Amino acid sequence: MSSEKTPTPAASNFIRAIIEKDLAQNKFVSRKWAGKPGDASEHAKGEADPAKIRTRFPPEPNGYLHIGHAKSICLNFGLARDYNGICHLRFDDTNPEKESQEYVDSITDMVQWLGFNWQNGNEKNLYFASNYFDYMYHAAEMLIQQGLAYVDEQTPDEMRANRGSLTEPGKDSPYRNRGIEENLTMFREMRDGKHSDGSMVLRAKIDMASPNINMRDPAIYRVRRAHHHNTGDKWCIYPMYTFAHPIEDALEQITHSICTLEFEDQRPFYDWLLERLAEAGLLAHPLPKQYEFARLNLTYVVLSKRKLIQLVEEKHVSGWDDPRLPTLAGARRRGYTPEGFKLFTDRIGVSKADSWIEYTILEDCMREVLNLQAERRIAVLDPIKLVIDNYPEAQSEDCFAPNHPLKPELGKRVVPLTRELWIEREDFMEVPSKGYFRLFPDNMVRLRYGYVVKCTGCEKDAQGNVTVVHCDYLPDTKSGTPGSDSVKVKGNIHWVSAQHAYECEVRLYDRLFKEAHAGEGDRDFLEDINPNSVTLIAAQLEPSLKDAKAEDSFQFERHGYFVADRKDSVMGKPVFNRTVTLKDAWQK
RNA sequence: UGGGGAGUCGCCAAGUUGGUUAAGGCACUGGGUUUUGAUCCCAGCAUCCGAAGGUUCGAGUCCUUCCUCCUCAGCCA
């Protein structure tokens with residue numbers, strides 16, 4: 001048997017293939033790096049770039065990060081890590097009306113939480129597109145001087161009308177053949193605030209008949225008097241994404257600019273612009289290249305910004321960090337871990353095929369990580385009394401529970417056993433169903449880490465509900481003693497001494513939507529909300545859990561993984577969120 | 001109906017310049033271990049690569065036609 005188990009390498013994908021080929025061809029060896037972003041002349045003065053490749057994660061600071069962003073973050077930072085490169089965190093803040101410092105801060109926090117670092121020696125590699133506005137303005141003038149951009153005074157409606165359709169070519173703007181000097185003058189006037197918002201735009205001059213609508217003279221600068229979170233009121237014209245993004249990449253010497261599929265159509269303009277600016281001497285080869293991958297779709301989850309905003313604003317959830325939300329802030333509160341997200345990203349791969357990832361894949365990743373990380377504790381979530389009738393009333397004895405079955409070095413803790421215990425309601429059935437091997441009259445089970453007990457019956461209230469279960473214990477069967485194996489039992493249930501238990505609020509979260517594809521067809525996605533996505537319970541926990549600190553994760557044995565809520569936990573009085581259940585082959 | 005993409009096992013996803021038995025993961029099904037019906041371990045799981053033709057000694061990989069899905073007409077990103 002050849003049992004050579006090599007650690008599974010990170011799955012190969014088309015982006016890695018491209019990078020490996022580029023590297024093999026020494027495509028980037030001539031690159032210089034000025035130590036900070038800059039144009040060709042500035043980088044030419046620098047040293048050879050210590051980074052073999054440069055990637056970037058370029059969010060617009062206009063909202064909160066979600067699981068889809070985690071895929072992109074892990075991808076870009078992961079690639080940089082694996083190929084001796086560097087990944088920049090860059091805020092793509094070219095539209096001041098939608099952006100704010102609050103989002104900058106929360107995005108920075110979440111990328112850090114995921115465990116990524118953009119610092120490299122003295123290089124911070126934390127950048128803002130808005131810091132390149134001077135370069136961009138300069139690039140725009142260069143385009144005008146090459147006769148490749150013009151100021152268009154058509155109204156937005158006229159522009160739309162003249163853009164043509166998917167099947168018909170567009171028509172040239174009446175302003176398209178303005179002279180270079182006039183364009184330059186007018187563009188400067190735009191910059192100097194001589195023209196009103198929306199009265200004109202600067203457009204690249206390419207081809208109004210191009211089958212690719214993005215090449216039909218795209219707008220590259222608009223007039224907008226808006227306060228910018230970073231540049232204040234310095235500018236009243238702002239570059240469009242189409243124009244700004246390639247320049248940002250080039251200034252930062254990005255080698256592989258990775259984005260999602262919907263930008264495929266923009267790639268021809270991306271290349272066109274960079275080539276023109278290289279011809280004009282502003283940039284040097286090799287120029288950045290854009291590559292596109294399929295964005296994440298997760299079953300039972302919505303990731304669209306519009307829908308997430310609606311869920312929050314209409315208060316279907318408690319806020320942006322509601323543990324049921326797919327935001328990273330929510331996932332963090334839920335107890336999802338950075339390691340889990342990295343595993344998830346590796347597991348789902350990267351490709352150009354539209355796909356839907358099953359939500360359980362994410363859950364499995366979290367389970368896998370938590371299984372190794374989380375210490376075990378005992379919690380009774382749906383308590384019912386168990387009385388050991390032959391156990392002395394005043395007695396209490398110590399039982400020893402290992403903190404982690406896979407890590408004996410983490411030791412054991414004491415759990416007190418007394419005559420009256422809390423056990424799970426579902427661990428007793430007066431009339432057992434087929435295959436049930438827990439507590440039922442005359443059946444024996446082990447009280448985990450304690451004694452084997454024999455069920456003797458139960459008490460019921462007027463409605464017939466079981467209120468107390470009775471049993472007798474077998475004195476020689478205590479776990480850890482020589483006689484513990486003298487009686488073999490199949491069932492093994494957890495318990496907490498009623499006298500010692502910590503009663504605590506526990507939130508049991510379930511998926512936010514009851515349909516795999518929320519809002520599919522013409523259904524309103526809100527109709528698919530799972531009405532039982534959260535259940536608040538009063539649980540009975542083992543005493544040591546009282547000392548849990550915010551964000552501590554545990555496995556509550558036989559239940560799942562739980563985390564002390566980072567917002568609502570108080571020292572000495574934590575509350576818990578269920579992160580994910582354990583797999584359960586019995587309930588199927 | 002124009003342009004740009006994508007279609008490999010229930011869900012993802014590898015498949016080098018065509019070369020012999022189509023990786024891997026998740027799920028699933030058996031079996032084993034186990035004081036968590038968890039974990040862990042072992043085994044099984046696509047004669048077939050959207051469809052149909054064609055080229056070839058040989059095709060998921062090349063050619064032709066067709067089908068399905070995604071995407072693009074913001075002075076958003």
Side-chain angles (χ1 to χ4, degrees), chain A residues 8-9 11-14 17 58-60 62 92-95 97-99 152 154-156 159-161 163-170 197-203 210-216 218-224 237-238 240-242 244-245 259-268 292 294 299 305 343 346-361 364-365 367-368 371-372 376 378 401-402 405-406 435-438 445-450 452 479-480 484-485 488-494 555-560 581-588:
Chain A
T8 30
S12 177
N13 61 56
F14 75 100
E60 181 187 15
N62 71 343
D92 204 354
D93 53 353
T94 57
N95 184 6
E97 288 171 311
K98 294 186 174 174
E99 298 153 4
D152 193 351
Q154 290 184 106
T155 64
M159 267 184 70
R160 191 181 318 115
R163 187 149 32 227
S165 72
L166 296 179
T167 52
E168 300 155 330
D197 287 13
S199 60
M200 55 188 67
V201 294
L202 183 70
R203 287 230 252 174
S210 171
N212 179 351
I213 293 178
N214 293 289
M215 297 298 269
R216 319 240 262 233
I220 58 178
Y221 256 101
R222 76 278 215 181
V223 185
R224 190 110 323 160
I237 57 171
Y238 292 95
M240 302 285 293
Y241 164 87
T242 314
H245 206 89
C259 62
T260 44
L261 249 27
E262 65 271 27
F263 293 101
E264 276 178 321
D265 297 341
Q266 309 247 21
R267 191 174 57 228
E292 310 87 9
T299 58
K305 188 165 287 177
L343 181 60
D346 289 343
R347 193 161 283 179
I348 63 177
V350 183
S351 76
K352 299 184 77 129
D354 298 306
S355 60
W356 282 85
I357 307 294
E358 292 171 345
Y359 192 73
T360 54
I361 302 274
D364 283 335
C365 290
R367 282 192 191 100
E368 203 167 313
N371 179 43
L372 296 176
R376 311 287 118 124
I378 299 165
L406 306 172
Y436 186 82
F437 53 65
R438 279 113 97 163
V445 303
R446 175 173 295 281
L447 296 176
R448 197 160 161 75
Y449 310 127
V452 171
S479 293
S484 67
D485 288 339
K488 293 280 187 195
V489 292
K490 194 150 191 217
N492 199 308
I493 68 172
H494 63 276
Q555 183 197 95
F556 289 178
E557 293 193 19
R558 301 214 295 141
H559 282 300
T581 61
L582 249 30
K583 282 191 207 165
D584 187 354
W586 162 244
Q587 282 182 1
K588 284 183 182 167

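Chain identifiers are assigned alphabetically (A, B, ...) following the order of the sequence lines, protein sequences preceding nucleic acid strands; residue numbering begins at 1 within each chain. Computed over heavy atoms, backbone and side chain alike; hydrogens, waters and symmetry mates excluded. Just so we're clear, the structure is a prediction, and the values are computed from it rather than from any experiment.
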Quick one: label [X] by what it contacts on the DNA or RNA (base, sugar-phosphate, nothing), any heavy atom closer than 4.0 Å.
| X | answer |
| --- | --- |
| A/Glu99 | nothing |
| A/Phe556 | nothing |
| A/Gln555 | base |
| A/Arg163 | sugar-phosphate |
| A/Val350 | sugar-phosphate |
| A/Gly560 | nothing |
| A/Thr94 | sugar-phosphate |
| A/Gly450 | nothing |
| A/Pro405 | base |
| A/Leu166 | base |
| A/Met215 | nothing |
| A/Arg160 | sugar-phosphate |
| A/Glu358 | base |
| A/Phe263 | base |

Rounding to an integer number of Å, can you tell me how far [X] [atom1] sits from [N] [atom2]?
| X | N | atom1 | atom2 | result |
| --- | --- | --- | --- | --- |
| A/Glu60 | B/A77 | CD | C1' | 5 Å |
| A/Ile348 | B/G24 | CD1 | P | 20 Å |
| A/Met240 | B/A73 | CE | C1' | 13 Å |
| A/Ile493 | B/A38 | CD1 | C1' | 17 Å |
| A/Lys488 | B/U34 | NZ | P | 8 Å |
| A/Asn62 | B/G74 | CG | P | 19 Å |

Check your understanding: Between atom CG of A/Leu166 and atom CD1 of A/Ile213, what is the distance when rounded to the nearest 0.5 Å?
Key -> 4.5 Å
Check your understanding: In Å and rounded to the nearest 0.5 Å, what is the CZ to CZ distance from A/Arg203 to A/Arg216?
Key -> 11.0 Å
**Study point:** Base orientation of B/G74, syn vs anti, 90° cut from 0
**Key:** syn
Selection from [options] that lies nearest to any side-chain heavy atom of [X]:
| X | options | value |
| --- | --- | --- |
| A/Ala585 | B/A6, B/C72, B/G37 | B/G37 |
| A/Ala353 | B/A6, B/C76, B/C12 | B/A6 |
| A/Ile213 | B/U39, B/A13, B/C72 | B/C72 |
| A/Leu582 | B/A13, B/U35, B/U36 | B/U36 |

Review point. Would you call A/Glu368-A/Arg347 a salt bridge at under 4.0 Å N-O?
Key: yes
Practice item. Show the numbers, then the answer: is there a side chain to side chain contact (heavy atoms under 4.5 Å, CB included) between A/Asn212 and A/Arg267? Key: CA-CA 10 Å; A/Asn212 179 351; A/Arg267 191 174 57 228; over 6 Å; no
Revision key, fill the gap. Comparing A/Ile357 with A/Asn492, nearest RNA chain B nucleotide closer to 5' gives the residue A/Ile357
Study note, to complete from the structure: Sorted by position of nearest nucleotide on RNA chain B, 5' first, the leading residue of A/Leu406 and A/Ile361 is A/Ile361
Study note, to complete from the structure: Closest non-hydrogen atoms of A/Glu99 and A/Asn62, given as atom of the first, atom of the second and distance, are CG-CB, 4.3 Å
[N] - base-pair partner by Watson-Crick or wobble geometry, distances under 3.5 Å:
| N | result |
| --- | --- |
| B/G74 | none |
| B/G18 | none |
| B/G37 | none |
| B/C26 | B/G10 |

Can you tell me, in whole Å, how much space there is between the [atom1] of [N] and that of [M]?
| N | M | atom1 | result |
| --- | --- | --- | --- |
| B/G60 | B/A14 | C1' | 12 Å |
| B/C57 | B/A52 | C1' | 24 Å |
| B/U61 | B/U56 | P | 16 Å |
| B/G74 | B/U55 | P | 48 Å |
| B/U8 | B/C62 | P | 16 Å |
| B/A27 | B/C42 | P | 15 Å |
| B/C70 | B/G50 | C1' | 15 Å |
| B/G25 | B/G15 | C1' | 15 Å |

Please confirm whether any donor atom in the side chain of [X] sits under 3.5 Å from an acceptor in the base of [N], or the reverse.
| X | N | answer |
| --- | --- | --- |
| A/Arg438 | B/G37 | yes |
| A/Arg558 | B/U36 | no |
| A/Asp265 | B/G3 | yes |
| A/Arg224 | B/C75 | yes |
| A/Arg376 | B/U36 | yes |

Exercise for review: Report yes if the side chains of A/Ile220 and A/Thr242 come closer than 4.5 Å at any heavy-atom pair, otherwise no.
Suggested key: no
Side-chain N or O of [X] less than 4.0 angstrom from OP1 or OP2 on [N]?
| X | N | answer |
| --- | --- | --- |
| A/Arg347 | B/C12 | no |
| A/Lys98 | B/A77 | no |
| A/Ser351 | B/A13 | yes |
| A/Thr167 | B/G3 | no |
| A/Lys490 | B/U34 | no |
| A/Arg222 | B/A77 | yes |

Review point. With sequence neighbours excluded, what pairs up with A/Asp354 under the side-chain hydrogen bond (donor to acceptor under 3.5 Å, both in side chains) test?
Key: none
Check your understanding: Within the side chain of A/Arg367, is there an N or O that forms a donor-acceptor pair under 3.5 Å with the backbone of A/Thr581?
Key -> yes
Check your understanding: Which is it for A/Tyr449 and A/Glu557 under the side-chain hydrogen bond (donor to acceptor under 3.5 Å, both in side chains) test, yes or no, and what are the steps along the way?
Key -> CA-CA 12 Å; A/Tyr449 310 127; A/Glu557 293 193 19; 2.8 Å; yes
Review point. Would you call the rings of A/Tyr436 and A/Trp586 parallel, tilted or perpendicular if under 30° counts as parallel and over 60° as perpendicular?
Key: tilted
Practice item. Give a yes/no verdict on base stacking between B/G37 and A/Trp586: centres under 5.5 Å, planes within less than 30° of parallel. Key: yes
